[in-house]
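Scope of the values below: all heavy atoms of this structure, side chains included, with no hydrogens, waters or symmetry mates.
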Amino acid sequence: MADDNIRTAFLEIQGRMIETTAKLKQVQNQMRTKEGEKKRSFLTLEELRHLPDDTNTYKSIGRTFVLEPKSVLMTEQEQKLKDSETAISSLETSKEYLEKQMAEVENNLRELLQQDPGLARQIMSMSVM
């Protein structure tokens, strides 16, 4: 009876670990994407700043390019930069939370394995096959 409870607890902890790991990877991928968007906006802004104010600039919309004043493009890129920074800070908070959850799950697993050394042997024998 106690053995079944320990196995059930182990399976629950294992499921939480898999779920948390997947969420953490997803957040890291989103952060990488937002970092790329931020860098692209920053570099575009830097190039636009060097142009004279009366320069013809074009905005890409799908496969089409539309003539836009430099000020409009600058404003859009600045907004994209701010949005990316906001999203990155939010994702960073989520990442920290998920890392804390992961540490908690690992501690729970460690405690469970210390309670029942037989379970650790069973797990090791299953992973060898």
Side-chain angles (χ1 to χ4, degrees):
M1 184 72 171
D3 197 33
D4 288 338
N5 290 340
I6 291 175
R7 286 183 191 197
T8 304
F10 172 74
L11 291 175
E12 180 184 321
I13 291 172
Q14 183 182 31
R16 284 182 24 210
M17 181 173 271
I18 291 169
E19 181 182 338
T20 305
T21 302
K23 286 180 181 178
L24 189 59
K25 285 181 182 180
Q26 182 182 15
V27 166
Q28 288 171 337
N29 286 336
Q30 289 174 343
M31 285 180 70
R32 208 171 302 119
T33 301
K34 290 296 179 185
E35 286 288 343
E37 289 175 14
K38 178 182 171 185
K39 187 172 187 176
R40 198 172 310 111
S41 294
F42 176 78
L43 292 173
T44 303
L45 272 172
E46 287 301 309
E47 290 298 320
L48 287 172
R49 284 191 180 112
H50 297 296
L51 298 175
D53 289 336
D54 61 342
T55 303
N56 288 335
T57 55
Y58 293 88
K59 175 182 173 181
S60 172
I61 302 177
R63 295 184 188 187
T64 307
F65 292 92
V66 179
L67 182 64
E68 291 279 351
K70 177 185 165 188
S71 61
V72 171
L73 288 178
M74 295 274 296
T75 305
E76 287 178 3
Q77 292 303 319
E78 288 169 352
Q79 187 61 44
K80 283 182 183 179
L81 187 66
K82 288 177 186 174
D83 291 345
S84 294
E85 288 173 347
T86 303
I88 289 169
S89 66
S90 172
L91 289 169
E92 187 66 40
T93 304
S94 297
K95 180 183 172 190
E96 290 171 3
Y97 172 75
L98 289 170
E99 287 173 343
K100 287 178 185 176
Q101 266 191 328
M102 183 66 98
E104 181 182 319
V105 169
E106 288 172 354
N107 286 336
N108 290 345
L109 183 61
R110 209 172 284 118
E111 288 175 12
L112 185 66
L113 292 175
Q114 287 175 350
Q115 277 181 348
D116 188 6
L119 180 63
R121 283 192 290 276
Q122 287 177 349
I123 293 169
M124 291 303 290
S125 67
M126 287 190 317
S127 64
V128 172
M129 293 181 180

Legend entry - Worked verdict on Glu68 versus Val66 for side-chain contact (heavy atoms from CB on, under 4.5 Å): CA-CA 6 Å; Glu68 291 279 351; Val66 179; 4.2 Å; yes

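- Partners of Lys39 according to the salt bridge (charged side-chain N to carboxylate O under 4.0 Å, His left out) rule, which considers only residues two or more places apart in sequence or in another chain, do not exist here.
- Contact annotation: the side chain of Lys95 never approaches that of Leu91 to less than 4.5 Å [non-hydrogen atoms, C-beta and beyond].
- In the hydrophobic clustering of this structure, Met102 groups with Leu113; members are Ile, Leu, Val, Met, Phe, Trp, Tyr whose side-chain heavy atoms approach within less than 4.5 Å, directly or through other members.
- Distance CG/Leu73 to OG1/Thr44: 9.0 Å, rounded to 0.5 Å.
- Electrostatic pairing of Lys34 and Glu85 does not count as a salt bridge here, judged by no charged N lying under 4.0 Å from a carboxylate O.
- For the atom pair Glu12 CD and Gln14 CD, the distance stands at 11.5 Å (nearest 0.5 Å).
- The minimum heavy-atom distance between Gly62 and Ser60, with the atom names listed, is O-OG, 3.6 Å.
- Linking ILVMFWY side-chain heavy atoms closer than 4.5 Å, directly or via other members, places Leu67 and Phe65 in a single hydrophobic cluster.
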Check residues 17-27 and write down every donor-acceptor pair under 3.5 Å in which the side-chain atom is one partner and the other belongs to a residue at least two apart or another chain.
| residue | atom | partner | partner atom | Å |
| --- | --- | --- | --- | --- |
| Glu19 | OE2 | Lys23 | NZ | 3.2 |
| Thr20 | OG1 | Arg16 | O | 2.7 |
| Thr21 | OG1 | Met17 | O | 2.7 |

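- Note: Leu51 CG to Met74 CE = 9.0 Å, rounded to the nearest 0.5 Å.
- Side chain of Ser90 to backbone of Thr86: no donor-acceptor contact under 3.5 angstrom is found.
- In the hydrophobic cluster analysis, where Ile, Leu, Val, Met, Phe, Trp and Tyr join through side-chain heavy atoms closer than 4.5 angstrom, Ile88 is grouped apart from Leu45.
- Between Asn107 and Glu111, the side chains place no donor N or O within less than 3.5 Å of an acceptor N or O (distance only, hydrogens not considered).
- In this structure, CD1 in Ile13 is found 5.0 Å from CG in Leu112, a value given to the nearest 0.5 Å.
- Put simply, the side chain of Lys70 never gets that close to the backbone of Asn56: no donor and acceptor are under 3.5 Å apart.
- For Thr93 (side chain) and Ser89 (main-chain N/O), a donor-acceptor pair under 3.5 Å exists by modelled atom type.
- Contact check for Phe42 versus Leu81: side-chain heavy atoms found under the 4.5 Å cut-off.
- Here Glu35 does not pair with Arg32 in a salt bridge; the nearest charged N to carboxylate O distance is not below 4.0 Å.
- Interatomic distance, CZ of Phe10 versus CD of Gln115, reported as 13.5 Å (0.5 Å rounding).
- Put simply, CD on Glu76 and OG on Ser41 are 10.5 Å apart, with the number rounded to the nearest 0.5 Å.
- Residues Gln77 and Arg40 have side chains not in contact (no heavy-atom distance under 4.5 Å, counting atoms from C-beta outward).
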